[in-house]
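First, the structure itself, so that you have it in front of you.
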Amino acid sequence: MSKAEALAEFNGRNENYKVELINDLEDGTISFYESGVFTDLCRGPHLVDFSAIKAVKLLSLAGAYWRGDEHRPQLTRLYAVSFPKKKELDEYLLMLEEAKKRDHRKIGKEMGLFMFSEMVGKGLPIWLPKGTDLRLRLQDFLSKIQKRYGYKQVMTPHIGGKQLYVTSGHWDHYGEDSFRPITTPEEGEEYLLKPMNCPHHCMIYRNEPVSYRELPLRIAEYGTVYRYEQSGELHGLTRVRSFTQDDAHIFCRPDQVKEEFIKVMEIIEIIFKALSFENFEAQISLRDPSNTTKYVGTDENWEKAEQAIVEACQEKGLKARVELGEAAFYGPKLDFMVKDAIGRRWQLGTIQVDYNLPERFGLEYIGSDGQKHRPVMIHRAPFGSMERFCAVLIEHTGGKFPLWLTPDQFIILPVSEKYIDEAKAMKARLENLNLRGTIDERSEKIGRKIRDAEVAKVPFMLILGEKEVADGTVSVRRQGAGDLGAMTPEAFAKVIEDEIEAVMQ
């Protein structure tokens, strides 16, 4: 419909919410889709045949302010699902029950991994000691891999001049999702809380002249960025306003793009294997050829970037589906979607090929011909963001992390307070064997200590009583599996070492 027709139609129906939305749309772009007596402000299509719906379930209700504005009317949002078979609905409801048990917010609180505080601010996670240990272990794991692949670590500020993000294009494309600019009182300069790390890394590249012999240049950073997500969209660690990306940017010659892209794919495969995320899919995200206005750069550069990704996937034998319109504004990308233990799909790692930011920042290198040339930039984040990755990992494992990663591999449970000193000595012996754990020093019965350790998902419980002290052993229980018998500290350390080696090979 034309805008005038649409406004007349829905004013006549007293559908005030649609009228407001139509007022914000451009003439010539307004479309509707009819399903029976319902007319939706939507291009559609919806279901071809409503008889396909055989099972419906209303899941929950929630209040929602109109257009996310707390000063506007409050509406009711209905969350519901439908399926063509009741059996599929029943399976879905079972999955939801399992998802509730695995909710990272619940497990994170039980295990003391992270917290939120209204006084600190919505969507700003605080990592507690055990969660910080988990996260730093992940970072250390990736850092060791990156070192093997020739990456150099950098650090950049948490803020940047607004012009930096205007030049990169992030202000035009993500300005609405950024926090308001900070203006200095004396100079009147404008700064932004950093929404992306890549512009900062472009400036590192520009710091000194670069020869073709120095490429590829691989720089990595665990860089914290800030986005102003609507409060109604915040959800645990999966949707936050402050998050840390395991970011890296590779600056290379055009003839190096495919080789470098394949090396990043190898890094992601190593990470997924070590964390039992072997059930994953790949998606080549390209620009929408019918709407190129939301992208920057020339058609020629886009075609070269897209071709490099397709060829890299073919060379690695990686089957990847193609999705149009899912590219970043500056370049196409390869996204990795993992399936967790209960079948849900999560988008985690990503690799992007970018001919455009080097152009916008005027990045150059001196080629073998003595002339100036433009490098290509590869963006990559195997984890994506540390917050989201940890949330997915918690829900995938149900809090039962791999032994190499879990904050506490063991907990010593003295049967009474008189064995506390022996427990401390045993803990020191185990730490000398490169294990990590804690002691339950509470004056509780041993049964209660075992139950609490099970809930806390500590992999091994080491019971220490009179017999164990006399024999120089511990009675070992495996979380969820029961009694494994008495072991010396060295034998117990070998059990853990063998299990870790089996996973990390």
Requested in this report: For the pair H200 and Y165, name the ring-plane relationship: parallel under 30°, tilted 30 to 60°, perpendicular over 60°.
Outcome: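 If you compare the ring of H200 with that of Y165, the planes turn out tilted.
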Query raised in the report: Does K494 come within less than 4.0 Å of E497, counting only side-chain N to carboxylate O?
Result: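 Looking at E497 together with K494, the answer is no, because their closest N to O distance does not fall below 4.0 Å.
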Query raised in the report: Listed by chain and number, what are the salt bridge (Lys or Arg N to Asp or Glu O under 4.0 Å) partners of R429, not counting sequence neighbours?
Result: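 So R429 forms a salt bridge (Lys or Arg N to Asp or Glu O under 4.0 Å) with E490.
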Query raised in the report: Under 4.0 Å between a Lys/Arg side-chain N and an Asp/Glu carboxylate O for E229 and R239?
Result: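 Counted as a salt bridge, because a side-chain N and a carboxylate O are separated by less than 4.0 Å.
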Report task. Kindly indicate, with the supporting measurements, whether the criterion salt bridge (Lys or Arg N to Asp or Glu O under 4.0 Å) is fulfilled by E266 and K263. Result -> CA-CA 5 Å; E266 291 172 357; K263 287 179 180 178; over 6 Å; no
**Report entry** side chain to side chain donor-acceptor pair (under 3.5 Å) partners of residues 405-425, not counting sequence neighbours, each pair once
**Finding:**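 Qualifying pairs: K130-D408.
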Requested in this report: Could you tell me whether R345 and E281 have a side-chain N and a carboxylate O separated by less than 4.0 Å?
Outcome: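 Yes, this pair counts.
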Sequence neighbours left out, cut at 3.5 Å: what donor-acceptor pairs do the side chains of residues 109-126 make with other protein atoms?
from: E110; atom 1: OE2; to: K106; atom 2: NZ; distance (Å): 3.2
from: S117; atom 1: OG; to: M119; atom 2: N; distance (Å): 3.2
from: S117; atom 1: OG; to: V120; atom 2: N; distance (Å): 3.3

Query raised in the report: Do F401 and I394 have side-chain heavy atoms sitting under 4.5 Å apart?
Result: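 Sidechains of I394 and F401: in contact.
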Report task. Report the C-alpha distance between F389 and W346 in whole Å, list the side-chain angles of each, state the deciding distance to 0.1 Å, and finish with yes or no for ring-ring contact (aromatic ring centres under 6.0 Å, His included). Result -> CA-CA 9 Å; F389 190 88; W346 301 87; over 10 Å; no
Requested in this report: Decide whether a cation-pi geometry holds between R478 and F460; the criteria are a distance under 6.0 Å from NZ or CZ to the six-membered ring centre and an angle within 45° of the ring axis.
Outcome: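 Yes, a cation-pi geometry.
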Query raised in the report: When you check the gap from the basic side-chain N to the acidic O, do E221 and K194 get nearer than 4.0 Å?
Result: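 Salt bridge between E221 and K194, a charged N being under 4.0 Å from a carboxylate O: yes.
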